[in-house]
Amino acid sequence: MDFEFTEDQNLLADAVQKFMATRYGSEQRRAVLKLPGAWSREVWSSLTEIGLVGLLVPAEQGGLGSGPVETMLAMNAFGAGILLEPYWSSAVHATVLLRKLGGPQAAKLLESLATGERIAAVAHAEPGARYDFGRVATTARKTAGGWSLSGAKAVVLGAGAADTLLVSARVGSGDGLSVFAVPRALGGVRTREYLAIDGRGAADVTLEDATVHGDALLGSEGAGRAALDDAYDVALAALCADAVGSMKALLEATGKYLQTREQFGQPIGKFQALQHRMADMLIHFEQAKSMAYLAAMQCESPDARERRRTLSAAKALIGQAARFIGQQAVQLHGGMGMADELDVSHHFRRLTAMELTFGDTDHHLENFVALGR
């Protein structure tokens, strides 16, 4: 695929790559892993200072007002550096959801996200729903001064770092979904925090009569489903870009290892069988990269059916490529491939987590077929 970036987009990509290379190397990331919640507020402040946290925030709310292609370029670099901070969950998923919901309260939250004052996480998926994101049992009941929310949310990425949870809930017995801004420290909100397989922070959230003010409702009552779906699509494309960045780093690390590891008096990269395996990895990577480009270009297409079919195709192919490249990289490194001291093992875990996030490969293959009927 021939894809030319603008000068501004190339400058953005260079800036993010430079940041990751100079300020988020392996030693810095391992230090972050030891911090509570496995994220650094200092790193978050640095991302804010160079404008990346507000990349998708509209200019009217103090952000850069960029789009999916710029997000893809940033996520490529973050994937290559295995960024642990909640960028994808807050600066992409939550930010896009707030943009789609609209309204004065959402605008205020976007302003605070752009300045780094606040971090947000989308609490939408529920226990037992698997990948059915329309299956929401959490309820919101009107009270004299606002709303009372009760329910449970599962695997909320970035929840431990978030100040605000964007919680989906049903009001009454209707089919529509509403979204509420809920302070994580609010009474009635409990979070069980843990680290996901790739080291990023996540949490299960329980709401027990958590009472919020009336202005906590974002957008119109019962009209949140479209915004949730649209934000899901943009976040899914960003997730694909993150995986492509991680796969590229794995390819480079594996190629370097094959040129330096010697056996029988010569680098093992000279063995034809291993060259064939590297060639297969490169083919998978190029296919995945092309699909990530396509996902970025289509994730905001007005044709919802075709958009979601394209995104499912991208997620399925990238999921397959991630598994193949990850497994091959580990095998070609031998027993060292899973050693914590090597970034290879961290990339492998990152790609494994990616393949399961927002629907695994089988789910998206089924979705792709179903939408094509």
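Just the heavy atoms: all of them, side chains too, but no hydrogens, waters or symmetry mates, feed the values below.
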Spacing of E126 atom CD and D204 atom CG [to the nearest 0.5 Å]: 11.5 Å
Closest approach of M291 to A313 (non-hydrogen atoms, all atoms of both residues): CE-C, 3.8 Å
Minimum heavy-atom distance V136-R170, with the two atoms named: O-NE, 2.7 Å
V234 reachable from V244 in the ILVMFWY side-chain graph, under 4.5 Å edges: yes
L371 reachable from L294 in the ILVMFWY side-chain graph, under 4.5 Å edges: no
Sidechain-backbone polar pair: T48 side chain, V53 backbone, donor-acceptor under 3.5 Å: no
Whether H93 and F358 hold their rings parallel, tilted or perpendicular, with breakpoints at 30° and 60°: perpendicular
Sub-4.5 Å side-chain heavy-atom contact between Q328 and Q331: yes
ILVMFWY network linking V122 to L101, side-chain heavy atoms under 4.5 angstrom: yes
Under 3.5 Å: donor-acceptor pair, side chain of K153, backbone of H124: yes
Gap separating the CG atom of L356 from the CG atom of L351, nearest 0.5 angstrom: 11.0 Å
Salt-bridge present (R200, D198; N to O < 4.0 Å): yes
Shared hydrophobic cluster, M75 / V96 (ILVMFWY, side-chain heavy atoms < 4.5 Å): yes
Donor-acceptor under 3.5 Å (R184 side chain, A159 main chain): yes
is_close_aromatic(Y24, F19), centroid dist under 6.0 Å: no
Polar side-chain atom of Q9 near backbone of T6 as donor-acceptor pair, under 3.5 Å: yes
CG on L83 to OG on S246, rounded to 0.5 Å: 12.0 Å
Candidate list H364, H363, R307, test side-chain hydrogen bond (donor to acceptor under 3.5 Å, both in side chains), partner S312, passing option: H364
Shortest non-hydrogen contact from I318 toward A292: CD1-N, 3.9 Å
H333 and Y257 aromatic ring geometry - parallel, tilted or perpendicular at 30°/60° bounds: parallel
Side chains of S40 and E85, donor plus acceptor under 3.5 Å: no
Minimum-distance pair of heavy atoms, taken over all atoms of R29 and I82: CD-O, 3.0 Å
Short side-chain to backbone donor-acceptor contact, R30 and D340, under 3.5 Å: yes
Check: F180 and S168 side chains under 4.5 Å, non-hydrogen atoms: no
F133/L177 under side-chain contact (heavy atoms from CB on, under 4.5 Å): CA gap, chis, key distance, verdict: CA-CA 11 Å; F133 295 103; L177 296 178; over 6 Å; no
Min side-chain heavy-atom separation V189-V205 under 4.5 Å: yes
Student check: side-chain heavy atoms of K100 and L228 closer than 4.5 Å: no
Student check: side-chain heavy atoms of L217 and K142 closer than 4.5 Å: no
D163 side chain to I119 backbone, donor-acceptor under 3.5 Å: yes
Side chains of W88 and D242 in contact at under 4.5 Å (non-hydrogen atoms): no
Short side-chain to backbone donor-acceptor contact, K315 and T357, under 3.5 Å: yes
Test item: S290 side-chain N/O and E286 main-chain N/O as donor-acceptor pair under 3.5 Å: yes
Enclosure of E42 CD (heavy-atom neighbours >12, cutoff 6.0 Å): no
Close side-chain approach of V167 to L207, heavy-atom, < 4.5 Å: yes
Check: L251 main-chain N/O paired with T254 side-chain donor or acceptor under 3.5 Å: no
R349 versus I197, closest heavy-atom pair with distance: CD-O, 3.2 Å
S345/V330 under side-chain contact (heavy atoms from CB on, under 4.5 Å): CA gap, chis, key distance, verdict: CA-CA 7 Å; S345 66; V330 168; over 6 Å; no
N/O donor-acceptor pair under 3.5 Å between Q259 side chain and K256 backbone: no
CG-OH distance between L84 and Y87, expressed to the nearest 0.5 angstrom: 15.5 Å
Identified side-chain hydrogen bond (donor to acceptor under 3.5 Å, both in side chains) counterpart of S150 within the set T138, D209, T206: D209
Criterion salt bridge (Lys or Arg N to Asp or Glu O under 4.0 Å) on D230 and R308, from CA distance to verdict: CA-CA 10 Å; D230 289 348; R308 283 165 192 155; 3.7 Å; yes
Distance in Å, C240 SG paired with Y293 OH, rounded so as to fall on 0.5 Å steps: 13.5 Å
Residue pair F5 / M72, side-chain heavy-atom distance below 4.5 Å: yes
Aromatic plane relationship, F324 with H284 - under 30° parallel, 30 to 60° tilted, over 60° perpendicular: parallel
Distance-minimising heavy-atom pair for R225 and G134: NH1-CA, 3.4 Å
side-chain contact (heavy atoms from CB on, under 4.5 Å) between V179 and L97, intermediate numbers included: CA-CA 9 Å; V179 180; L97 177 57; 4.3 Å; yes
Between CG on residue D360 and CE on residue M354, distance to nearest 0.5 Å: 11.0 Å
Salt bridge present between E300 and R99 (N-O < 4.0 angstrom): yes
